[in-house]
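Step one of this worksheet: look at the structure below.
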Amino acid sequence: MTVNWGILSTAGVNERSILGAARASTRGGVLAIASRDRARAEAYARDHGIPRAYGSYDELLADADVDAVYISLPNSLHPEWSIRAIEAGKHVLCEKPFSPRAADVAAAFDAADTQGMLLMEAFMYRHHPQSAKAAELVTSGAIGEPRFVRTMLAFPGVRFFGADNIRFDATLEGGALLDVGSYCVSGVRLMAGEPLRVHGTRVLGASGVDLAFAGTLELDSGLLAQFQCGFASDVRSELEVTGTDGRLVVQQPYRIEEAGVDLWTQDGHRRIACEQADPYLLQFDNFSAAIRGEAPPLLGRADALGQARTLEALVASATSGRTVAVAE
Ligand SMILES: NC(=O)c1ccc[n+]([C@@H]2O[C@H](COP(=O)([O-])OP(=O)(O)OC[C@H]3O[C@@H](n4cnc5c(N)ncnc54)[C@H](OP(=O)(O)O)[C@@H]3O)[C@@H](O)[C@H]2O)c1
């Protein structure tokens with residue numbers, strides 16, 4: 001069985017995330033595209049060789065030949081359309097961040113369980129072998145006991161996307177924390193587990209979204225993590241874990257063009273090469289294989305809940321100015 005995918009929206013991310021992956025994959029292909037605007041859907045289908053075009057998201061969900069839906073809508077629409085797709089009998093790969101509210105995540109995974117559908121939050125970097133390698137180095141004791149995690153993801157948002165982009169729209173849940181900080185939170189959780197308490201500070205822009213966000217996270221066993229993210233600086237991304245016997249650095253932790261992990265220990269510096277791979281293809285193949293019953297999805301309810309609980313606590317902290325416990 002080849003998985004037939006439908007895409008909700010003509011989003012900019014589609015080309016990189018799903019269209020390229022589907023072209024390279026033997027497990028699935030894109031059957032349909034939906035847009036709020038029929039003419040836009042039809043032009044998009046023509047340009048990208050997609051057989052079916054729909055002028056509303058509901059029409060695509062009513063197509064019985066569509067097995068799985070990729071949701072690349074603005075953040076505020078992720079939970080609603082994931083649940084609508086699940087209730088229409090579709091498996092769902094939803095772009096990050098699924099939601100900054102744990103209750104949304106629980107409701108969507110409950111719906112998926114009830115309907116017998118799969119749901120995964122699309123953190124493509126988690127599918128890259130570099131991520132598993134870095135986590136394995138930490139858990140295998142390559143740097144001793146981990147003590148600090150530090151990570152950053154930032155880029156000039158207006159220069160890259162323009163000021164009227166969804167990232168600057170508060171009503172669509174734009175903002176640096178949800179857009180890029182969600183990667184930092186995911187990276188910290190991959191390296192160190194679930195945060196217990198968080199403190200967040202942000203810089204708000206004129207449109208009401210956070211243009212910069214810094215977070216401190218207290219983890220189990222005395223581990224501390226800090227991250228910075230934003231839309232108002234030059235491009236910067238890094239992940240570092242410092243332990244009792246050394247440290248490791250991932251220079252491209254989230255958008256990975258040259259994979260590798262740098263390790264410093266008492267024996268000096270070592271660059272650990274990782275297999276080069278397209279994380280979007282790995283994500284697409286993992287989810288398509290899961291639908292075909294060949295493998296479990298890499299990310300499920302527990303990961304999405306951990307993300308949402310931490311993001312929710314960070315938003316509450318930045319709003320109140322207090323340190324906030326992460327709900328269990
Ligand atoms: N994993 C990654 O590498 C990655 C990279 C970039 C973005 N993302 C995620 O992907 C999602 C989309 O990001 P993007 O930059 O691709 O967005 P985008 O280009 O702005 O596209 C969003 C699409 O949503 C649809 N839409 C529905 N309601 C809308 C509204 N009220 N305002 C604007 N658009 C609306 C539009 O499509 P129609 O008009 O056709 O319906 C629009 O093209 C976000 O959740 C983002 O976090 C992930």
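Ligands are counted one by one from 1 in listed order, and the atoms in each one are counted from 1 as well. None of the values given here were measured: they were computed from a predicted structure.
- With distances taken over non-hydrogen atoms, the option nearest atom 11 (C) of ligand 1 out of D179, V180, L73 is L73.
- Of the N and O atoms on the side chains of Q130 and Y125, not one donor lies less than 3.5 Å from an acceptor on the other residue.
- At the top of the distance list for atom 28 (N) of ligand 1, counting protein heavy atoms only, stands R36 NH1, 3.4 Å.
- Residue L8 places every heavy atom at 4.0 Å or more from ligand 1.
- For atom 39 (O) of ligand 1, the nearest non-hydrogen atom of the protein is R40 NH2, 2.6 Å.
- With no hydrogens or angles considered, no side-chain donor-acceptor pair links T265 and D245 at under 3.5 Å.
- Between D262 and R270 there is no salt bridge, since no side-chain nitrogen of the basic residue lies less than 4.0 Å from a carboxylate oxygen of the acidic one.
- Residue contact annotation: H78 has a non-hydrogen atom under 4.0 Å from ligand 1.
- For atom 5 (C) of ligand 1, the closest heavy atom belonging to the protein is V13 CG2, 3.2 Å.
- Using a 4.0 Å heavy-atom cutoff, Y44 is absent from the residues neighbouring ligand 1.
- Aromatic rings of F231 and F168 (six-membered ring for Trp) have centroids within the 6.0 Å cut-off, being under it.
- Nearest protein heavy-atom contact of atom 23 (C) of ligand 1 is S9 OG, 3.5 Å.
- Close contacts between ligand 1 and Y57 involve ligand atoms 25 (C), 26 (N), 27 (C), 37 (O), 38 (P), 41 (O) [criterion: under 4.0 Å to a heavy atom].
- The protein atom (non-hydrogen) at minimum distance from atom 32 (N) of ligand 1 is L172 CD1, 3.6 Å.
- With respect to Q307, the side-chain hydrogen bond (donor to acceptor under 3.5 Å, both in side chains) criterion is satisfied by exactly one of R189, K96, E312: R189.
- At a threshold of 4.5 Å between side-chain heavy atoms, the hydrophobic network of Ile, Leu, Val, Met, Phe, Trp and Tyr places F287 and L19 in one connected group.
- Distance check: L224 CG to F148 CZ gives 6.0 Å after rounding to the nearest 0.5 Å.
- Using a 4.0 Å cut-off between heavy atoms, D169 makes no contact with ligand 1 at all.
- A salt bridge does not link R301 to E121: none of the charged nitrogens lies less than 4.0 Å from a carboxylate oxygen.
- Per-residue contacts place Y280 under 4.0 angstrom from the following atoms of ligand 1 (heavy atoms of the residue considered): 2 (C), 3 (O).
- Relative to atom 14 (P) of ligand 1, the option among E95, E121, R167 with the closest non-hydrogen atom is R167.
- The atoms of ligand 1 that sit less than 4.0 Å from any heavy atom of S35 are 38 (P), 39 (O), 40 (O), 41 (O).
- In this structure, atom 46 (C) of ligand 1 lies nearest to the protein heavy atom K96 O, 3.9 Å.
- F123 does not count as a contact of ligand 1, since none of its heavy atoms falls under 4.0 Å from the ligand.
- The side-chain heavy atoms of V180 and Y254, taken from C-beta on, include no pair separated by under 4.5 Å.
- Using a 4.0 Å heavy-atom cutoff, Y183 is listed among the residues neighbouring ligand 1.
- Among all protein heavy atoms, the one lying closest to atom 33 (C) of ligand 1 is I166 CG2, 3.7 Å.
- Side-chain N/O atoms of Y70 and S17 include a donor and acceptor closer than 3.5 Å.
- A salt bridge does not link R167 with E173: none of the charged nitrogens is closer than 4.0 Å to a carboxylate oxygen.
- Taking a cutoff of 4.0 Å between a charged side-chain nitrogen and a carboxylate oxygen, R84 and E80 qualify as a salt bridge.
- Looking only at protein heavy atoms, the nearest one to atom 44 (C) of ligand 1 is N75 OD1, 3.5 Å.
- Ligand 1 has P74 within reach: a non-hydrogen atom of the residue lies less than 4.0 Å from it.
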